[in-house]
Amino acid sequence: MYSRYAERMRWKLEILSTSDAAAGGFKEVIALITATGGKVYSALKYESGVHRVQRVPATETQGRIHTSAATVVVLPEVEEVDVKIEDKDLEIKVSRSGGPGGQSVNTTDSAVQILHKPSGIQVRCTDEKSQHKNKDKAMKILRAKLFEIERLKQEIAERELRREQVKSGDRSDKIRTYNFPQDRLTDHRIGLTRHNIKETLDGDLDPIIDALRTHFQAEALKGQS
């Protein structure tokens, strides 16, 4: 859905890291989306949260609806000046990238694993054949995660001072449901319901994003006043 939306917006999407699930498909995908002039984060930041999917799988013989969920996290890309990372705080290990069944996909030590010792955050990148490129990607992910930690700390402090929380799509809550039998998409934060799941998954996200942006901007103004 997001790759299709990026295509519509003429944004560039680059896969930074993937992790396969034991049962097939992906356990996690980390992607970087960039655009000339920016505005990617301002459009996608409201997508953070738990997205619930209700459908009848092809293997379901009784017609029962199965429920699953995917967690979406949207982080701004952070430059080095925004997050200070000391070399002494990093533990960097290199190894050979492993393919399916433990096969080596190349003959060089290109896989990079970075541990940020103060936070305990660990990032591993194996997608590139170049150790240098994998390290760059791992550092981008690490900076973004550290920035998010600091952002959340600041947000909590501001909430304590105001004693009033502005709704921001808490990731622990279900924010949206995609009900395939009813061809219904519902965003629970603003009570928006649409009946065009196929078009939405094909990247038609503008109506939803515009409605969310309008709602949360109005909430922010209320909080300020």
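The chain is numbered in sequence order, starting from 1. Because only heavy atoms are used, hydrogens play no part in the values below, and waters and symmetry mates are left out as well, while side chains stay in.
The two residues Ala211 and Ile190 make their nearest non-hydrogen contact at CB-CD1, 3.9 Å. Taking both residues in full, the closest heavy atoms of Ile209 and Ala43 are given as CG2-O, 3.3 Å, listed atom of the first, atom of the second, then distance.
Side-chain contact between Ser95 and Arg124 is present, with at least one heavy-atom pair separated by less than 4.5 Å. Lys135 places none of its side-chain heavy atoms less than 4.5 Å from the side chain of His132. Side-chain atoms of His215 and Arg189, non-hydrogen and from C-beta on, never get closer than 4.5 Å to each other. Taking the side chain as every heavy atom from C-beta outward, Leu212 and Arg176 approach each other to under 4.5 Å.
Counting only distance, with no hydrogens or angles, the side chain of Arg8 and the backbone of Asp202 share a donor-acceptor pair below 3.5 Å. The main-chain N or O of Ala111 is never found under 3.5 Å from a side-chain atom of Thr126 such that the two would form a donor-acceptor pair. Counting only distance, with no hydrogens or angles, the side chain of Asn134 and the backbone of Ser110 share a donor-acceptor pair below 3.5 Å.
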Taking only distance into account, with no hydrogens and no angle test, what donor-acceptor pairs under 3.5 Å do side-chain atoms of residues 49-59 form with protein atoms, sequence neighbours excluded?
| residue | atom | partner | partner atom | Å |
| --- | --- | --- | --- | --- |
| His51 | ND1 | Tyr178 | OH | 2.9 |
| His51 | NE2 | Glu47 | O | 2.9 |
| Arg52 | NE | Thr177 | OG1 | 3.1 |
| Arg52 | NH2 | Thr177 | OG1 | 3.1 |
| Gln54 | OE1 | Asn179 | ND2 | 2.9 |

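Scored by the salt bridge (Lys or Arg N to Asp or Glu O under 4.0 Å) test, Lys12 finds no partners at all (sequence neighbours excluded). Under the salt bridge (Lys or Arg N to Asp or Glu O under 4.0 Å) criterion, Lys145 pairs with no residue at all, not counting sequence neighbours. With sequence neighbours left out, Ala70 forms a side chain to side chain contact (heavy atoms under 4.5 Å, CB included) with no residue at all. The side chain to side chain contact (heavy atoms under 4.5 Å, CB included) check on Thr200 picks up Met1, Leu185, Arg194, Asn196, Leu205, Ile208, with sequence neighbours excluded. Applying the salt bridge (Lys or Arg N to Asp or Glu O under 4.0 Å) rule to Glu7 yields the partners Arg4; only residues at least two apart in sequence or on another chain are considered. For Tyr5, the ring-ring contact (aromatic ring centres under 6.0 Å, His included) criterion is met by Trp11, not counting sequence neighbours. Judged as a side chain to side chain donor-acceptor pair (under 3.5 Å), and not counting sequence neighbours, the contacts of Thr193 are Thr186. Checked against salt bridge (Lys or Arg N to Asp or Glu O under 4.0 Å), Arg10 has no partners two or more places apart in sequence or in another chain.
For residues 25-43, no pair satisfies side-chain hydrogen bond (donor to acceptor under 3.5 Å, both in side chains), with sequence neighbours left out. Applying the side-chain hydrogen bond (donor to acceptor under 3.5 Å, both in side chains) definition to pairs two or more places apart or across chains, those involving residues 111-123 are His116-Ser119. Annotation: salt bridge (Lys or Arg N to Asp or Glu O under 4.0 Å) contacts involving residues 208-217, sequence neighbours excluded, comprise Asp210-Arg213.
Neither Tyr46 nor Leu221 shares a network with the other; the hydrophobic side chains, linked directly or stepwise wherever heavy atoms of I, L, V, M, F, W or Y lie under 4.5 Å apart, form separate groups for each. Follow the hydrophobic side-chain contacts under 4.5 Å out from Leu115 and you never reach Leu146; the two are in separate clusters.
Rounded to the nearest 0.5 angstrom, Ile121 CD1 and Ile114 CD1 are separated by 12.0 Å. The CG atom of Leu75 sits 8.5 Å away from the CZ atom of Arg151 when rounded to the nearest 0.5 Å. Between the CG atom in Asp206 and the CE atom in Met9 there is a gap of 5.5 Å [rounded to 0.5 Å]. The structure places OG1 of Thr18 at 4.5 Å from CG of Asp127, a figure rounded to the nearest 0.5 Å. Going from atom SG of Cys125 over to atom CG of Leu142 covers 10.5 Å, rounded to the nearest 0.5 Å.
In the displayed structure, Lys137 atom NZ is contacted under 6.0 Å by more than 12 heavy atoms of other residues, nucleotides or ligands.
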